[in-house]
Amino acid sequence: NTQGIFQFEPTAMTQFTKKYGPKRFYDLALITALFRPGPLDARLDELGMPIDPELPEYKYAPSAAAMFIERYNGRAKVYYPSDKLESVLAESYGIAVFQEDISRVVMKMTACSFAEAEKIRKFLTKVKPEALKSNPEVIAQLKGYEDKFTLQSLANGCNEVETEAVWQLIVPFARYGFNKAHAVTYSLISFQTAFFRTLFPLEYLTSLMIHNVGKADKLVQYIRTAQKLGFKVLPPDLNTSCQNFTINKDNQILSGFEILKGMGTKAADEIVSNRTTAGLFTSLEDFLARNIIWRRLNVGGLQVLVKGGAFDFISPNRALTLAKILIAKNKAKRIDFETKDIFSDGEETTGELFVVDWSDEKKDEEFREVFGFLLEDFITKNKERVERAMKMVKTLVNQNRKDATCGTVTEIKVMLQKNGEKYARISATNIDGLKEDWLVFSSVWSVFKTSVHVHNPYICVGKMDDKGTFIVDSIRVLNEIL
């Protein structure tokens with residue numbers, strides 16, 4: 001339940017936080033700092049010593065962030081790169097977390113002043129990684145700092161092994177380490193947003209929707225969260241919607257007109273203004289006969305409203321509604337767009353029309369086009385069945401140390417490996433409305449590529465990596481499992 005909480009929304013961050021199990025405010029700051037490239041990329045052995053990226057064991061070793069979680073939860077013993085660093089790193093279980101830790105480590109190892117330690121930290125944090133390999137001047141500076149660090153550490157009673165290990169630890173970390181003041185400040189905002197999210201979920205989630213109009217991946221996340229909490233999210237309605245998301249008297253979230261692609265502010269204002277002045281619309285004919293400035297709400301805007309279901313309360317047959325509008329507006333072109341009655345010659349334009357309504361598939365397709373996604377997709381409509389199936393699948397795959405996820409595919413990118421074989425990167429919206437990235441390597445993609453399509457729901461078995469990408473071993477159409 002981290003959707004809408006600053007810094008803690010991404011799927012990978014949510015998973016990381018669950019593994020961590022925070023118990024106090026300071027833990028939020030630690031999580032914020034640990035979920036960064038430095039701690040996620042650094043690989044340590046069981047003693048907490050850095051592993052050379054060139055060694056084969058590097059690939060399978062835990063990251064500094066993962067080791068922190070194991071130590072924090074008492075599943076791994078705490079070691080220190082040097083006995084001198086226990087007082088510095090005790091609070092972070094022997095692992096450097098913040099940039100400030102680098103200065104304190106240097107001071108403890110070398111017995112130098114804070115100013116001298118800050119010189120090393122600032123150099124390491126500002127220099128670019130490629131410059132350390134290709135820029136002679138930077139390489140010379142780094143060598144100078146390393147020699148000085150080594151000599152002072154040895155003079156301070158450290159041995160060569162721990163001195164080398166500590167230096168190899170701080171060099172890569174310093175480039176990516178997070179400033180403690182920033183981490184704490186960010187965490188304060190995280191705490192505040194969590195407060196509102198917990199105590200005022202309806203109002204807070206609605207405000208997030210309002211401020212994320214036009215960002216489909218964010219909107220679907222907040223809408224799914226609201227639905228998960230039991231709040232109904234309704235499509236636009238000609239008689240009750242405003243320009244943006246609002247909360248009605250029944251504590252339901254009502255979509256606004258401007259959410260629909262192709263509906264501008266002036267068009268939305270025109271509907272709300274006329275409804276406020278002249279009262280609710282009683283029928284489609286009543287709406288078309290209103291004193292509306294049709295230059296602002298043109299045929300394109302009316303089509304968008306039909307596709308978004310805005311006329312359903314007064315005219316439920318969307319195909320018939322659109323037909324009547326097109327006939328009426330074609331006649332309206334011959335008269336003043338700002339006049340009150342577009343049927344001014346007294347002749348009934350539409351007559352009695354009999355039009356077969358759109359199929360459910362057609363309605364979904366048209367709604368998705370203007371709204372960006374379905375308010376209720378297959379997973380949402382079958383949530384309980386999906387959750388039961390996911391629980392069963394996870395129980396089975398966990399025995400093989402695998403994981404499972406399910407979601408509706410929103411985008412498929414087929415790419416080429418260096419050897420010419422095709423693999424896929426898939427974007428999906430999971431059961432909680434969160435965006436997930438699925439990586440399907442060529443050996444798996446060649447088997448399942450013909451059965452994977454955009455807008456369809458799937459269940460995947462595989463493994464989530466540290467950075468939140470789900471590595472897919474197999475993929476099945478969700479309907480086949482339910």
Answer yes or no: does atom NZ of Lys133 have more than 12 heavy-atom neighbours from other residues, nucleotides or ligands under 6.0 Å? no
Identified side-chain hydrogen bond (donor to acceptor under 3.5 Å, both in side chains) partner of Glu436 from the options Thr429, Thr410, Asn430, Thr469: Asn430
Is there a salt bridge (Lys or Arg N to Asp or Glu O under 4.0 Å) between Glu387 and Lys391 once you walk through the steps? CA-CA 6 Å; Glu387 287 179 341; Lys391 187 176 181 180; over 6 Å; no
From CA spacing to verdict: side-chain hydrogen bond (donor to acceptor under 3.5 Å, both in side chains), Glu480, Tyr458: CA-CA 9 Å; Glu480 297 175 357; Tyr458 297 91; over 6 Å; no
Evaluation steps, salt bridge (Lys or Arg N to Asp or Glu O under 4.0 Å), between Asp432 and Lys228: CA-CA 8 Å; Asp432 294 317; Lys228 188 177 181 181; 2.7 Å; yes
Pair Phe68 and Tyr93, ring centroids less than 6.0 Å apart: yes
Between Asp357 and Arg318, is the salt bridge (Lys or Arg N to Asp or Glu O under 4.0 Å) condition met? List the steps. CA-CA 6 Å; Asp357 198 5; Arg318 294 185 191 179; over 6 Å; no
Ring centers of Trp167, Phe149 separated by less than 6.0 Å: yes
So, do Phe178 and Tyr186 have ring centers that fall under 6.0 Å from each other? yes
Using the ring centroid of each side chain, check whether Phe367 and Phe371 are separated by less than 6.0 Å. yes
As a test of understanding, state which of Leu208, Thr225, Leu205, Thr14 forms a side chain to side chain contact (heavy atoms under 4.5 Å, CB included) with Gln3. Thr225
Is it true that atom NZ of Lys363 has more than 12 heavy atoms of other residues, nucleotides or ligands lying nearer than 6.0 Å? yes
State, without any angle test, whether Asp377 and Thr380 hold a side-chain donor-acceptor pair at a distance under 3.5 Å. yes
Looking only at side-chain N and O atoms, does Tyr20 offer a donor or acceptor that is under 3.5 Å from a partner on Asn73? no
Apply the test side-chain hydrogen bond (donor to acceptor under 3.5 Å, both in side chains) to residues Gln141 and Glu137: give CA-CA distance (whole Å), side-chain angles for both, the deciding distance (0.1 Å), then the verdict. CA-CA 6 Å; Gln141 277 185 284; Glu137 186 177 338; 5.8 Å; no
Geometric class of the Phe191/Phe25 ring pair [parallel <30°, tilted 30-60°, perpendicular >60°]: perpendicular
Let me see the working for Leu142 and Leu124 under side chain to side chain contact (heavy atoms under 4.5 Å, CB included), right down to the final yes or no. CA-CA 8 Å; Leu142 179 65; Leu124 292 175; 3.9 Å; yes
Are Lys307 and Glu369 within salt-bridge range, i.e. N to O under 4.0 Å? yes
With sequence neighbours left out, write down each residue that passes side chain to side chain contact (heavy atoms under 4.5 Å, CB included) with Tyr79, or none if nothing qualifies. Leu47, Arg71, Lys77
Can you name the residues that form a salt bridge (Lys or Arg N to Asp or Glu O under 4.0 Å) with Arg388, not counting sequence neighbours? none
Hey, mind stepping through Asn419 and Gln417 against side-chain hydrogen bond (donor to acceptor under 3.5 Å, both in side chains) and telling me if it holds? CA-CA 5 Å; Asn419 62 6; Gln417 296 179 172; 3.2 Å; yes
